[in-house]
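Worksheet: the structure to be examined is printed underneath.
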Amino acid sequence: MTTNIVVLGSANADYSMRVSRIPAAGETLSGTDFQFALGGKGANQAIACARLGGQVEFVACVGSDSAADLALSEYRDAGIDVAHVSRVDAATGSALIFVDESGENCIGVAAGANDYLDHSRVAAASTRIEQASHLLMQLETPVPSIQFAAEIARAGDTRTILNPAPAKPLPSELLALVHIITPNQSELARLTDRPVTSETEAAEAARRLLDQGPESVIVTLGADGALVVSHDTVTHIASPQVAALDTTAAGDTFNGALTVALALGESLTDAVRFANRAAALSVTRRGAIAAIPTRVEVDAFR
Ligand code: ADP
């Protein structure tokens, strides 16, 4: 069975280094362990879908710089269709990251090319969106284009999954178009303006989102797995217990795995079980893209 997934979202290049402490204004400090890594929630989720067995079309914008060359070849190597990854006259989205000795970080993000993902670029991919079984999006690219893509998906009977990260106010028109929304606890708290510190509060806040349109809210709970909230059921699905090393790409792996399993026709609860296993495996490894497992690895994991 082949899946047909469109991931629409950001493509970034992350530049990080370790410093003894976060530099103060006007200060220059020497750092160590400089690293360049590809990222962006859109790209990470597209790679997660591809590694986990999905047939993926990525709709995104990269710049006209060397980071874009590296990004495009990484996506192609993962088997992703990049026909709708546009090169624009800007810098590829970038994050500059300082990490201090205690693990605390300080990050500046320039959206760069991601801000060029406008209606015309979404329209160019409309046939692919209409023909896909699932459309997976996040919030690192302009919201009006995300809403436009969700409208195209509705017209074509494509199911839309929105990972509302990073959290920001969402137009009610967008929420009404989405089938499944997948916030983590802090995103759910921001989206609903309510505290989310327990499973009861998470279910209560999730119901507020359900009232605005989605069929299901999947709240990711870190090491505790995920809570699946639909109109008449609340189901907690535990994650396998693992020794966590680095949780950087956990949410992206979860969303990619969830989408692939749903596109393969699995039930929502089975898809969440698969997503928990894939994400738990990702936290046992360092890095973002480097930590995302393949289907074979997830199947062999317990
Ligand atoms: P985000 O990474 O977006 O903040 P979460 O922290 O909720 O989101 O993690 C997403 C998913 O990753 C969880 O639902 C779970 O499946 C998995 N996960 C995260 N942390 C752990 C952990 N320590 N052990 C096992 N699974 C984890």
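Counting starts at 1 for both ligands and their atoms, following the listed order. Because only heavy atoms are used, hydrogens play no part in the values below, and waters and symmetry mates are left out as well, while side chains stay in.
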Which is it for [X] and ligand 1 at heavy atoms under 4.0 Å: side chain, backbone, both or neither?
| X | value |
| --- | --- |
| Pro240 | backbone |
| Ala223 | both |
| Ser239 | side chain |
| Asp252 | neither |
| Thr220 | both |

Considering non-hydrogen atoms of the protein only, which is the closest contact for [atom], and what is the distance?
| atom | answer |
| --- | --- |
| atom 2 (O) of ligand 1 | Gly251 N, 3.3 Å |
| atom 17 (C) of ligand 1 | Ala279 CB, 3.5 Å |
| atom 16 (O) of ligand 1 | Asn276 OD1, 2.7 Å |
| atom 15 (C) of ligand 1 | Gly222 O, 3.2 Å |
| atom 14 (O) of ligand 1 | Gly225 O, 2.9 Å |
| atom 24 (N) of ligand 1 | Val242 CG2, 3.5 Å |
| atom 1 (P) of ligand 1 | Asn184 ND2, 3.8 Å |

Original post:
Under the criterion side-chain hydrogen bond (donor to acceptor under 3.5 Å, both in side chains), which of Arg277, Arg285, Arg51 is the partner of Glu297?
Top reply: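 Testing Glu297 for a side-chain hydrogen bond (donor to acceptor under 3.5 Å, both in side chains) against Arg277, Arg285, Arg51 leaves exactly one candidate, Arg285.
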To check you understand the geometry: which heavy-atom pair defines the closest contact between [X] and [Y], and what is its length?
| X | Y | result |
| --- | --- | --- |
| Gly54 | Ile5 | CA-CD1, 4.3 Å |
| Val56 | Ala46 | CG2-O, 4.0 Å |
| Leu52 | Thr253 | CD1-O, 4.4 Å |
| Ala275 | Ala257 | CA-CB, 3.6 Å |

Original post:
side-chain hydrogen bond (donor to acceptor under 3.5 Å, both in side chains) between Gln55 and Asn4: does it pass, once the steps are laid out?
Top reply: CA-CA 5 Å; Gln55 188 188 313; Asn4 195 352; 4.6 Å; no
Subject >> Within 45° cone and under 6.0 Å: Arg295 NZ/CZ vs Phe274 ring >> reply: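 Relative to the ring axis of Phe274, which defines the angle, Arg295 lies inside both limits.
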**OP:** Could you tell me which atoms of ligand 1, counted from 1 in the order shown, lie closer than 4.0 angstrom to a heavy atom of Ala244?
**Re:**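 Near Ala244, meaning under 4.0 Å from one of its heavy atoms, ligand 1 has 23 (N).
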Original post:
Which ligand 1 atoms are under 4.0 Å away from a heavy-atom of Leu221?
Top reply: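 Near Leu221, the atoms of ligand 1 are 7 (O), 14 (O).
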Subject >> Any side-chain donor near an acceptor of the partner, Asn114 and Asn12, under 3.5 Å >> reply: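 Side chains of Asn114 and Asn12: pair found under 3.5 Å.
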**OP:** With sequence neighbours left out, write down each residue that passes side-chain hydrogen bond (donor to acceptor under 3.5 Å, both in side chains) with Gln185, or none if nothing qualifies.
**Re:**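 In terms of side-chain hydrogen bond (donor to acceptor under 3.5 Å, both in side chains), with neighbours along the sequence ignored, Gln185 is linked to no residue.
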